[in-house]
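Nothing fancy with the numbering, it's 1 onward along the sequence. Ligands are counted one by one from 1 in listed order, and the atoms in each one are counted from 1 as well.
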Amino acid sequence: MRDIAPTHRYRNNDKAIGVGNAFWDMSEQNGLAGIVAELEDGVLRTAEGHEFVNFTCCSYLDLDSHPAVIEGAIAALRRFGVLDHCIPRSRVQIPALLELEASLGELFGADVVSAISAGVASAGLLPLIASGHLGNGVRPLMVFDKNCHVSMAGAKPSCADETEVVSCDHHDVGFLEDMCKQYRRVCYVVDGSDSLGGYAPVLELAELQEKYGLLVYYDDSHSISAYGERGIGYVRTHCPVLDERTITVATLNKAFGTSGAAIMLDGYPKQVLRIVERFAGALSYSQPMNTAAVGASLASAEIHRTPELGLLQKRLYANIELFDSLVTSEQAGSTYPIRVVPVSDETVVAAGRKVFEAGFYVSPVFFPIVARGTAGLRVMLRAGQTEEQIRALCAVLGEATAA
Ligand SMILES: *Cc1c(COP(=O)(O)O)cnc(C)c1O
């Protein structure tokens, strides 16, 4: 019998599971993962009757439970009369997705193609970029930021079958410039807004885009809706290069409050949009956003066009400021809704338990999920959290992390 020696050039399950599973086991053993609870009026309740407020939920504007969004989902089901008319959309489709893409296109000021999730979008788009079919026709060197979200990093092996793939240090603009001098084309794959706080250096990257034609693939899932005029997100608010050289994807699952994803493109001809529909992995053969998700998204897009969006953003920012006034973190002062309250690797799980017992869920992150010495309790602020809840959480955090 022959044994197989894996190459592990771009992925390694032995390592990923070996490292990550211990983290999950320890979290679950301490009651901080694997929690099942019903949601009612913003409070979660387990079958055993423990009540808690979720401070690790990415629905930053609470649009996921907005009555208009729920009604939108129901209305679309009634209007289109089908949840998912199962056939590739490139052959036959009901008008639901086209209506949504027109609406999101107007909202974000881009040509929008929808996908069932940002993960599916990246898995499908990145190999098309690698082969030059999405871009300017030149096969680029694909540079993945070391910290890019797993939904993008997971596409490395399929990109590597089409072109050269490398990783770079977090936001290493100097390395990118070096590569731009050596390769006819470079594509940088990066989060527009990081899941542990912080934003991409869009202006510095724009300089490389202007000077060398660098293509940047941004995943702006964490800032869409929560940031910018009408919620257009961090990248599209600040990036001066909105043409073939910038591609942005964003989930509709987080602050947008629905389900699905938007791929935002500028300046690509219709034929390229067709290539995306026909060849971007699961976009071409798997189910698209279903009618309920489309209806909810149409309703959320409408909210984005009204002053209510600005009010919700203001409430979110006020909650972030209140939190910052009570608890120190590296992210304090930023408009970004995620904070990591530093706690040692040894005590972070116990601290997380204490906070949970006091009625708040915050997620502990610790080695090996993050580097040693950077452990902490991850807190996410939302527009719908009350001042009372935030003050109470901060008092508990102070006690739990004092030890
Ligand atoms: C949450 C998140 C995703 C996942 O989005 P889905 O639409 O659920 O696939 C992808 N990318 C980033 C950066 C995220 O934070």
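Listed by number with element, the atoms of ligand 1 under 4.0 angstrom from any heavy atom of H222 are 15 (O). Annotation for ligand 1: atoms under 4.0 Å from non-hydrogen atoms of D191 are 13 (C).
Between A118 and ligand 1, an N or O atom pair is found at a separation short of 3.5 Å. Not a single N or O atom of V120, backbone or side chain, sits closer than 3.5 Å to an N or O atom of ligand 1. Residue D219 has at least one nitrogen or oxygen atom sitting less than 3.5 Å from a nitrogen or oxygen atom of ligand 1, judged on distance alone.
In this structure, K254 counts as a contact residue of ligand 1, since one of its heavy atoms falls inside 4.0 Å of the ligand. Residue-ligand proximity: S151 is placed with a non-hydrogen atom under 4.0 Å from ligand 1.
Shortest contact from atom 8 (O) of ligand 1 to any protein heavy atom: N253 ND2, 3.6 Å. Residue, atom and distance of the protein heavy atom nearest to atom 9 (O) of ligand 1 are G119 N, 2.8 Å.
How far OG of S131 is from CG of D161: 11.0 Å, rounded to the nearest 0.5 Å. To the nearest 0.5 Å, atom CD of residue E164 and atom CE of residue M179 are 10.0 Å apart. Remark: I390 CD1 to N319 CG distance equals 3.5 Å, nearest 0.5 Å. A distance of 9.0 Å separates CG in L134 from OH in Y217, rounded to the nearest 0.5 Å. One distance of note links CZ of R139 with CZ of R185; it measures 13.5 Å at 0.5 Å rounding.
Heavy atoms of S117 found under 4.0 angstrom from ligand 1 belong to the backbone as well as the side chain.
Judged purely by atom type and a 3.5 angstrom limit, R245 uses its side chain to pair as donor or acceptor with the backbone of Q209.
Between E388 and R391 there is no salt bridge, since no side-chain nitrogen of the basic residue lies less than 4.0 Å from a carboxylate oxygen of the acidic one.
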